[in-house]
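Take a look at the structure below.
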2 protein chains.
Amino acid sequence: MRARTTIKDVAEAAGVGVATVSRVLSGGSASPQTRERVLAAAAQLDYRPSALGRNLRRQRTGGIGLLVPDITDPFYARVADGVLACARAAGEPVIMGATGDDPESESEVIGMLLEQGVDRVVAVPSGATEPWAPAVRAGLTVVFAARHAVGFDDIPAVMADERSGIRTAVEYLVGLGHRRIAHLGGHGQGQRTAAFRDTLTALGLPVDEELIVFGRPARDSAYAAASGLFQNRPDLTAVIAGSNLLGEAAVLAAHELDLRVPRDVSLIMFDDVPWAELCAPPLTVIAPPARDIGYRAAELVLRTPPGRGRGGRSRPVKMPTELIVRGSCGPGRQRGATRRS
Amino acid sequence: MRARTTIKDVAEAAGVGVATVSRVLSGGSASPQTRERVLAAAAQLDYRPSALGRNLRRQRTGGIGLLVPDITDPFYARVADGVLACARAAGEPVIMGATGDDPESESEVIGMLLEQGVDRVVAVPSGATEPWAPAVRAGLTVVFAARHAVGFDDIPAVMADERSGIRTAVEYLVGLGHRRIAHLGGHGQGQRTAAFRDTLTALGLPVDEELIVFGRPARDSAYAAASGLFQNRPDLTAVIAGSNLLGEAAVLAAHELDLRVPRDVSLIMFDDVPWAELCAPPLTVIAPPARDIGYRAAELVLRTPPGRGRGGRSRPVKMPTELIVRGSCGPGRQRGATRRS
DNA sequence: CTGAAAGCGCTAACAC
DNA sequence: GTGTTAGCGCTTTCAG
């Protein structure tokens with residue numbers, strides 16, 4: 001209520017100049033005696049240096065901007081949690097925004113961050129190029145998390161090792177005898193789809209393009225994709241869902257169409273979420289270290305010196321995934337044949 | 001990269017004084033001609049007013065602080081999403097922090113917000129009183145969301161109408177024939193437990209204190225509480241879980257102990273989450289409007305004029321819940337009797 | 001080792 | 001209607 005205590009108040013109370021207070025509080029040199037007096041005065045007055053003044057003067061905020069498509073998606077929530085944890089450890093504030101994977105919205109949020117003087121951003125990019133132009137022009141340090149956007153080879157990224165995760169899953173399914181495996185892909189998951197194709201090919205199996213479908217990141221679209229897939233291709237015996245949303249849709253669609261998991265279809269989901277264990281049967285998943293991805297990305301953005309915006313292209317940091325086998329995969333059979341009889 | 005464009009640059013480019021630029025950009029009066037020139041120059045230079053300068057000058061940031069126990073919990077994620085949406089509509093940045101429901105951590109985050117000069121905060125309070133003392137002392141506007149803390153009658157709150165939600169659920173179960181209903185309570189859910197007791201009493205049923213247990217907001221603790229409850233009281237026929245975490249634990253524990261839902265136990269969870277529909281059977285829930293709670297809280301904190309910190313006590317805003325009947329509740333039977341035979 | 005003073009970008013008096 | 005100017009709280013030369 002009463003006016004905020006400023007550095008001037010502390011200086012007066014301690015009988016020194018403001019510069020001295022500033023020095024003492026930021027660990028500069030001062031005589032033990034002076035330091036003592038300043039510290040006492042500061043404590044006495046419950047002084048908190050204003051970040052506003054400091055940032056204006058230093059021309060940088062230190063804060064971290066955090067952009068996620070949807071904080072309500074458990075995957076991004078975990079990424080955000082990691083960023084929050086790292087920022088907290090570094091004592092930096094986090095300004096957050098949801099983009100809904102919409103470039104226009106992303107653009108707005110970036111504009112807001114720029115206005116706030118934020119100079120570091122961790123983002124799950126929507127994939128569009130334009131929204132980021134003002135940001136790189138302004139020279140802010142950005143690190144992409146969980147996804148990489150084409151045309152930004154110079155922006156560091158931290159993501160799950162999707163290739164290896166998908167490969168392990170496909171190999172697992174093929175080992176179980178599956179031959180007609182589908183892939184439900186989502187937004188910004190080109191890597192996963194590519195890895196899916198490559199693994200199949202490497203295993204000497206044909207790639208059936210009809211078994212590779214996509215859903216937009218919304219429940220209805222995901223459900224439509226899953227349901228359509230099951231109905232159009234009754235011969236498929238396994239599906240890999242590219243996100244928890246798509247996995248959810250697959251479980252729901254399978255249930256709706258009276259397909260038993262894993263008797264009729266085997267299911268693997270990319271992303272581990274608490275409910276995967278609650279399902280009947282519990283879902284086998286490829287678990288990406290979402291929280292670690294966020295933490296690492298934040299660490300990276302905090303380490304990177306300010307100036308280093310555009311420059312050498314950096315290879316994305318890949319974090320290992322883990323195949324957690326639960327109960328949603330069975331031996332591969334001729335589902336279509338059985339059902340047709 | 002190059003130095004940020006300042007108001008001075010715009011003024012020079014437009015051939016006017018800085019004050020004029022400021023006026024034009026904040027909708028003040030100016031001759032159409034001047035306005036035109038300023039706007040053109042600003043657009044040309046891609047000028048973005050610095051929030052740092054403005055905030056320092058105006059002595060307020062406008063930004064909203066957002067404190068949640070755990071962004072990874074789908075309930076708080078939805079609350080946060082609501083706050084984000086409202087703040088976005090108002091063009092205000094949101095600084096977020098996770099408290100882990102730990103007063104000490106809460107204290108730290110509040111300190112950080114104070115340092116940042118944030119003057120409005122929406123928070124799901126941990127329940128402790130001390131962390132908030134510096135905040136109210138500094139005169140910042142706070143609105144509690146989803147929970148209310150004792151001793152803060154003067155802080156507005158927006159929450160679910162827990163009494164009515166719990167009452168509806170208990171009445172529903174009693175109507176189904178249940179007499180031994182348990183309540184799994186969580187952190188900061190005094191209201192719910194009280195409503196549970198009251199409804200039972202109002203219905204002329206005895207309150208069995210042994211059937212009211214609590215879990216800390218962690219998976220292991222929640223599981224222990226649920227599991228213990230089922231084992232200690234094989235005679236119970238229904239349980240109301242006070243949060244999605246507790247509901248998850250109940251589902252898991254029931255499964256582990258080979259209790260069928262709803263044949264052996266009926267289950268109602270406070271909070272609706274996507275996986276509730278995926279469960280077998282799908283869970284009947286009391287759905288609180290989490291996102292709306294966040295949105296309303298943000299609206300409220302944005303509306304409240306700055307000075308109005310301490311003052312008239314305000315009754316919490318209660319948002320209606322909805323009982324969504326799915327498949328986890330059956331007729332009440334003598335579970336204990338059956339099993340003992 | 002310490003203090004005085006400049007100035008970060010902006011807005012709000014105040015003068016013209 | 002428009003320009004000049006004084007700070008907002010802080011850090012950082014630069015003298016002493």
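Both backbone and side-chain heavy atoms feed into the values below; hydrogens, waters and symmetry mates do not. Every chain is numbered from 1, with letters handed out A, B, ... down the list of sequences. Just so you know, these numbers come straight off a predicted model, no measurement behind them.
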With no hydrogens and no angle check, just 3.5 Å: does a side-chain donor-acceptor pair link A:Arg88 and B:Ser105?
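Looking only at side-chain atoms, B:Ser105 and A:Arg88 do form a donor-acceptor pair, the distance falling under 3.5 Å.
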Please give me the minimum heavy-atom distance between B:Arg4 and A:Leu114, naming the atom from each residue.
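Of all heavy-atom pairs spanning B:Arg4 and A:Leu114, the closest is NH1-O, 3.1 Å.
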Closest heavy-atom contact between A:Leu45 and A:Thr5?
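What the structure gives for the nearest pair is O-OG1, 3.5 Å.
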Under 3.5 Å, which protein N or O atoms sit close to an N or O of nucleotides 10-12 of chain D? Give each pair with its distance.
| from | atom 1 | to | atom 2 | distance (Å) |
| --- | --- | --- | --- | --- |
| D:dC10 | OP1 | A:Tyr47 | OH | 2.5 |
| D:dC10 | OP1 | A:Ser50 | N | 2.7 |
| D:dC10 | OP2 | A:Ile7 | N | 2.5 |
| D:dC10 | OP2 | A:Tyr47 | OH | 3.3 |
| D:dT11 | OP2 | A:Ser22 | OG | 2.9 |
| D:dT11 | O2 | A:Arg57 | NH1 | 2.2 |
| D:dT12 | O4' | A:Arg57 | NH2 | 3.4 |

With a 4.0 Å cut-off, would you call B:Arg58 and B:Asp119 a salt bridge?
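The answer is no: the pair does not qualify as a salt bridge.
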Nearest-Å distance, [atom1] ([X]) to [atom2] ([N])?
| X | N | atom1 | atom2 | value |
| --- | --- | --- | --- | --- |
| A:Gln116 | C:dC10 | CD | C1' | 14 Å |
| B:Arg60 | C:dT11 | CZ | P | 11 Å |
| B:Asn55 | D:dG7 | CG | C1' | 16 Å |
| B:Arg37 | D:dT2 | CZ | C1' | 11 Å |

Given DNA chain D, 5'-ward residue of the pair B:Leu56 and B:Arg35, judged by closest heavy atom
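Upstream on the strand: B:Arg35.
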Can you find a side chain N or O atom of A:Thr34 that sits less than 4.0 Å from OP1 or OP2 on C:dT2?
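Affirmative; the distance criterion is met.
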Reckon B:Gln59 has a side-chain N or O less than 4.0 Å from the OP1 or OP2 of D:dG7?
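So the side-chain polar atoms of B:Gln59 never come under 4.0 Å of the phosphate oxygens OP1 or OP2 of D:dG7.
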Check step by step if side-chain contact (heavy atoms from CB on, under 4.5 Å) holds for B:Val122 and B:Val142.
CA-CA 6 Å; B:Val122 169; B:Val142 8; over 6 Å; no
Tell me what B:Gly15 touches on the nucleic acid: a base, only sugar-phosphate, or nothing, going by heavy atoms under 4.0 Å.
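It contacts sugar-phosphate atoms only.
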Can any side-chain N or O of B:Glu106 pair as donor or acceptor with the backbone N or O of B:Ser126 at less than 3.5 Å?
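It does hold such a pair.
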